[in-house]
Visitor: 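Take a look at the following structure, please.
Everything quoted here is computed from the prediction, not taken from an experiment. Chain identifiers are assigned alphabetically (A, B, ...) following the order of the sequence lines, protein sequences preceding nucleic acid strands; residue numbering begins at 1 within each chain.
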Amino acid sequence: MRLSQSFIPTMKEIPSEAQIPSHQLMLRAGMIRKLSSGVYEFLPLGFKILKKVEQIIREEMNAAGAQELLLPALHPKELWEETGRWEIYGDEMMKVIDRNKRQFGLGPTHEEVITDLVRKEVKSYRQLPVILYQFQTKFRDEIRPRFGIMRGREFIMKDCYSFDKDEAGLNINYQKMVQAYKNIFTRCGFDFRMVQADSGNIGGNLSHEFMVLANTGEEAIYYCDACQVTLKANEPEGGQTASIEKKSCTACQKEMKYSRVIEVGHTFNLGTKYSAKMKATFLDENGESQPYIMGCYGIGVSRIVAAAIEQSHDANGIIWPRQISPYQAIVLPLDVTNEPVKNTAEDLYAQLQSQGIDVLLDDRDERAGVKFKDADLIGIPVKVIISIRGLAEGKIEIKLRQTGEVFKLSVAEAVPKIMELVQV
RNA sequence: CGGGGCGUAGCUCAGCUGGUUUAGAGCGUACGGUUUGGGACCGUAAGGCCGUCAGUUCAAAUCUGACCGCCCCGACCA
């Protein structure tokens, strides 16, 4: 992609509405724009990252035996009345009325819809288990939208649902999903912890949250790295400024570490909570009608993007982990009016593309400083710098965003080196 | 919803104890020139229903009220 032709509107100044680094940087890097409180547009750069994250999740979900589908966002009121959640969810559900005055909710989660689908199609224990998931825009009329896409009223979620004939089957699938989640968050480059949690509104018997360590997180945990013991921390009296209570590890007695965290995933053992109420049943080996044993597994896809920035940025901008970086490298000809510089950059850009590298070329007629600042702001891991000064020595320069490490190489040496550096 | 803050150019902000001109600056944008390794400099220009409506007044960006919107703290949540 040529920067001169791209729609990546960067900003030098921080919009006053943004308080936390991820929100500020997403706006400044031209990834998102606000349409309304808690409602954001994903611009091409933001969208590209979203798709990268989505693909990592998709690969791991598929590997775990889940099948992707797409469910509607419009949910008939009657379906939610079956579980009593039309009332329970209340004002947090966005509601619309059709031309016949029929009421619909905009799906904040999909237990009702998926259970309805499965109960209509799965009649026998022989058809179980089945694991289905989707990527979809969820709508929640949050009491207080906050921090850009971190807590929006409209957001992208991967939600997955498992249906088993018995508790043993659910436990197997639950563990598969937990492992898939660990793979996903590791691939996203996160420092994260899994913690047992309350089930909240979704409900069920057992649930776990996946927390990314970041000091702008809305929640907090205690954790012990030696023993893998992790606990949710209650919000201290007096809010976030209050002093933090010390806790010792239940296993090794050492003092536990404390960190604020961002919840990016949540798994639930639902049991028969929904299937029983919705009369969603199958016939077991004995010909008896049984409700499905269900699990549900959510990941905040758009929130992952924000969390990644919270965990990896500096004063100059975002530092993308290689796995989810929108581009693998950026080629910076520092003076496009200089023919050798321009030609070398064009040549390198073409070579990298032919090697399958997703590369950005800053072919704008801008000063070096502007190009460096933008490249660092949008956080591309590898900068390839071509200048008059460098070419005089027959060299180009490769500089890493994360470490600042610099390699000076001939053009011929540069391509294999770049390919090595962008490996994930 | 309770508490707090804020709405002036695309962005950051000044002006606000009513009246000085035609509402300003920096950044950004367009054009010209000088520059060219970390957001350069000079000049010119475009860009505003001063959130909306009502009120007070000879006179409102400025005072008052209502409404709308946005942000922050709290309960809810991926």
Side-chain angles (χ1 to χ4, degrees), chain A residues 9-20 23-24 27-28 30 33-39 57 88-93 108-110 135-160 181 197-202 207 209-212 217-219 235 237-241 261-268 296-307 315-317 332-338 341 364-377 383 385-392 396-397 399 404 406:
Chain A
T10 59
M11 283 187 274
K12 205 189 295 194
E13 286 181 282
I14 302 169
S16 53
E17 74 197 44
Q19 307 295 319
I20 63 171
H23 189 195
Q24 296 174 345
L27 289 167
R28 288 190 54 214
R33 289 291 184 263
K34 182 176 69 186
L35 179 61
S36 180
S37 179
V39 181
I57 297 171
I88 294 167
Y89 234 95
D91 288 340
E92 200 167 324
M93 183 148 54
T109 177
H110 279 66
F135 292 97
Q136 206 215 25
T137 301
K138 300 292 194 236
F139 299 88
R140 294 186 187 176
D141 197 356
E142 291 284 348
I143 295 168
R144 178 148 90 92
R146 226 196 297 222
F147 301 149
I149 63 167
M150 195 71 85
R151 173 173 305 286
R153 295 195 292 172
E154 181 182 323
F155 61 99
I156 310 291
M157 180 169 168
K158 186 282 305 179
D159 50 324
C160 179
Y181 274 33
D198 297 332
S199 300
N201 207 330
I202 310 286
S207 97
E209 290 173 330
F210 292 78
M211 306 296 215
V212 168
E218 293 185 86
E219 295 171 88
E235 196 61 40
E237 294 289 327
Q240 296 186 14
T241 51
V261 290
I262 298 164
E263 181 188 351
V264 290
H266 202 155
T267 58
F268 302 86
C296 123
Y297 318 90
I299 290 182
V301 183
S302 39
R303 182 179 286 179
I304 282 182
V305 177
N316 291 322
L332 303 177
L334 295 191
D335 184 353
V336 292
T337 63
N338 179 279
V341 168
R364 298 174 302 172
D365 185 8
E366 289 286 354
R367 295 167 62 87
V370 173
K371 296 191 179 196
F372 286 131
K373 290 290 184 190
D374 271 345
D376 287 348
L377 175 60
K383 287 194 287 282
I385 302 156
I386 297 147
S387 64
I388 297 171
R389 184 203 287 182
L391 289 184
I396 63 154
E397 194 175 306
K399 188 167 184 180
V406 172

Visitor: Considering residues at least two apart in sequence or located in another chain, which fulfil the side chain to side chain donor-acceptor pair (under 3.5 Å) criterion with A:His23?
Guide: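 A:His23 satisfies side chain to side chain donor-acceptor pair (under 3.5 Å) with A:Tyr40 once adjacent residues are dropped.
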Visitor: Mind calculating the distance between CE (A:Met157) and C1' (B:rC77) to the nearest angstrom?
Guide: 10 Å
Visitor: Where each residue is assigned the nucleotide of RNA chain B containing its nearest heavy atom, which of A:Lys399 and A:Gly265 is assigned the position nearer the 5′ end?
Guide: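 In this pair, the answer is A:Lys399.
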Visitor: On a whole-Å scale, what distance lies between the C1' atoms belonging to B:rC70 and B:rU52?
Guide: 15 Å
Visitor: Using a 4.0 Å heavy-atom cut-off, does A:Gly317 contact any base of the nucleic acid, only the sugar-phosphate backbone, or nothing at all?
Guide: nothing
Visitor: What contact category does A:Ile388 fall into here, base, sugar-phosphate, or nothing, at under 4.0 angstrom with non-hydrogen atoms?
Guide: nothing
Visitor: Under 3.5 Å between N/O atoms: give me all the protein pairs with nucleotides 67-71 of chain B, atom names plus distance.
Guide:
from, atom 1, to, atom 2, distance (Å)
B:rC70, OP1, A:Ser36, OG, 3.1
B:rC70, OP1, A:Ser37, N, 2.7
B:rC70, O3', A:Lys34, NZ, 2.9
B:rC71, OP2, A:Ser37, OG, 2.8
B:rC71, O2', A:Gln19, NE2, 3.3

Visitor: According to salt bridge (Lys or Arg N to Asp or Glu O under 4.0 Å), who are the partners of A:Lys399, at least two apart in sequence or on a separate chain?
Guide: none
Visitor: Figure out the CG/C1' separation between A:Leu334 and B:rU35, and round it to whole Å.
Guide: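 My rounded result for the distance is 15 Å.
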Visitor: Tell me, do A:Leu391 and A:Ile386 make a side-chain contact under 4.5 Å, heavy atoms counted?
Guide: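 A side-chain contact under 4.5 Å exists here.
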Visitor: Would you state whether a donor and an acceptor, one from the side chain of A:Arg151 and one from the base of B:rC77, lie under 3.5 Å apart?
Guide: yes
Visitor: What residues, two or more places apart in sequence or in another chain, satisfy side-chain contact (heavy atoms from CB on, under 4.5 Å) together with A:Lys373?
Guide: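 Testing A:Lys373 for side-chain contact (heavy atoms from CB on, under 4.5 Å), a comparison that skips the adjacent residues, returns A:Asn316.
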Visitor: Please work out if A:Val264 contacts a base, only the sugar-phosphate, or nothing of the nucleic acid, heavy-atom cut-off 4.0 Å.
Guide: sugar-phosphate
Visitor: Measuring only the P atom in each nucleotide, how far is B:rA30 from B:rC71? A whole number of Å is fine.
Guide: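 Going atom to atom, P in each nucleotide, I get 30 Å.
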Visitor: Measuring only the P atom in each nucleotide, how far is B:rC27 from B:rU17? A whole number of Å is fine.
Guide: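 Rounded to whole Å, the distance is 29 Å.
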Visitor: Is A:Asp335 side chain donor-acceptor paired with the B:rG37 base, going by distance under 3.5 Å alone?
Guide: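 In this structure, the two groups form no donor-acceptor pair.
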Visitor: A:Phe155 has an atom CZ; how far is it from atom P of B:rA78, in whole Å?
Guide: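 After rounding, the reported distance stands at 8 Å.
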Visitor: How close or far is atom P of B:rG39 from atom NZ of A:Lys383, stated in whole angstroms?
Guide: 14 Å
Visitor: Rounded to the nearest angstrom, tell me the gap between atom CG in A:Leu332 and atom C1' in B:rG37.
Guide: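 Rounding to the nearest Å, CG of A:Leu332 and C1' of B:rG37 are 11 Å apart.
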Visitor: For A:Gly369, answer base if it contacts any base atom (sugar-phosphate contacts may also be present), sugar-phosphate if it contacts only those atoms, and nothing otherwise; contact means non-hydrogen atoms under 4.0 Å.
Guide: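 Counting heavy atoms under 4.0 Å across all strands, the contact made by A:Gly369 is with sugar-phosphate only.
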Visitor: Sequence neighbours left out, what passes side-chain contact (heavy atoms from CB on, under 4.5 Å) with A:Arg151? Give chain and number order.
Guide: A:Glu142, A:Arg146, A:Glu218, A:Arg303
Visitor: Using the P atom as the reference point in each nucleotide, state the distance between B:rA46 and B:rU34 in Å, no decimals.
Guide: 24 Å
Visitor: Give the rounded distance in Å between these two atoms: CG of A:Asp365 and C1' of B:rG32.
Guide: 15 Å
Visitor: How many whole angstroms separate atom CZ of A:Phe135 from atom C1' of B:rA78?
Guide: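 One finds 13 Å between C1' of B:rA78 and CZ of A:Phe135, rounded.
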Visitor: Under 4.0 Å between a side-chain N or O of A:Arg146 and OP1 or OP2 of B:rC73?
Guide: yes
Visitor: Does A:Lys34 reach the main-chain N or O of A:Gly148 with its side chain, forming a donor-acceptor pair under 3.5 Å?
Guide: no
Visitor: In whole angstrom, give the distance that lies between atom CD of A:Glu92 and atom C1' of B:rC77.
Guide: 6 Å
Visitor: By the 4.0 Å heavy-atom rule, please label A:Asp376 as base, sugar-phosphate, or nothing.
Guide: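 Base contact.
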Visitor: Which residues pass the side-chain contact (heavy atoms from CB on, under 4.5 Å) test with A:Ile143, not counting sequence neighbours?
Guide: none
Visitor: Minimum heavy-atom separation for A:Arg28 to A:Pro15, with atom names?
Guide: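 Between these two residues, the closest heavy atoms are CG-CD, 4.3 Å.
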Visitor: At 4.0 Å (heavy atoms only), tell me whether A:Asp374 reaches a base, stays on the sugar-phosphate, or touches nothing.
Guide: base
Visitor: Who are the ring-ring contact (aromatic ring centres under 6.0 Å, His included) partners of A:Tyr181, not counting sequence neighbours?
Guide: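 Only A:Phe185, A:Phe210 meet the ring-ring contact (aromatic ring centres under 6.0 Å, His included) criterion with A:Tyr181.
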Visitor: Give me, pair by pair, the N or O atoms of the protein and of nucleotides 25-29 of chain B that are less than 3.5 Å apart, along with how far apart they are.
Guide:
from, atom 1, to, atom 2, distance (Å)
B:rG26, N2, A:Glu13, OE1, 2.8
B:rC27, O3', A:Lys12, NZ, 3.4

Visitor: Please list, chain by chain and in numerical order, all residues satisfying salt bridge (Lys or Arg N to Asp or Glu O under 4.0 Å) with A:Glu209, sequence neighbours excluded.
Guide: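 If we apply the salt bridge (Lys or Arg N to Asp or Glu O under 4.0 Å) test to A:Glu209, skipping adjacent residues, the hits are A:Lys232.
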Visitor: Only Watson-Crick and G-U wobble pairs with both distances less than 3.5 Å should count. Give RNA chain B in dot-bracket notation, marking inter-strand partners with |.
Guide: (((((((..((((.....[....)))).((((((.....)))))).....(((((..]....))))))))))))....
Visitor: Side chain of A:Ile385 only, heavy atoms from C-beta on: which candidate in B:rC11, B:rG37, B:rA78 is closest?
Guide: B:rG37
Visitor: I'd like to check the salt bridge (Lys or Arg N to Asp or Glu O under 4.0 Å) partners of A:Lys138; sequence neighbours left out, ordered by chain and number.
Guide: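 A:Asp159.
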Visitor: Judged by atom type as modelled, is there a donor-acceptor pair below 3.5 Å linking the side chain of A:Arg33 to the main-chain atoms of A:Leu27?
Guide: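 Yes, because the side chain of A:Arg33 sits within donor-acceptor range (under 3.5 Å) of the backbone of A:Leu27.
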Visitor: What distance, rounded to whole Å, do you find between the two P atoms, one in B:rC50 and one in B:rG24?
Guide: 14 Å
Visitor: Base, sugar-phosphate or nothing for A:Met150? Non-hydrogen atoms, less than 4.0 Å.
Guide: base
Visitor: Are any of A:Arg389's side-chain N or O atoms less than 4.0 Å away from OP1 or OP2 of B:rG37?
Guide: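 For B:rG37, neither OP1 nor OP2 has a side-chain N or O of A:Arg389 closer than 4.0 Å.
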Visitor: Applying side-chain contact (heavy atoms from CB on, under 4.5 Å), can you list everything that pairs with A:Gln24, at least two apart in sequence or on another chain?
Guide: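 Testing A:Gln24 for side-chain contact (heavy atoms from CB on, under 4.5 Å), a comparison that skips the adjacent residues, returns A:Ile14, A:Ala18.
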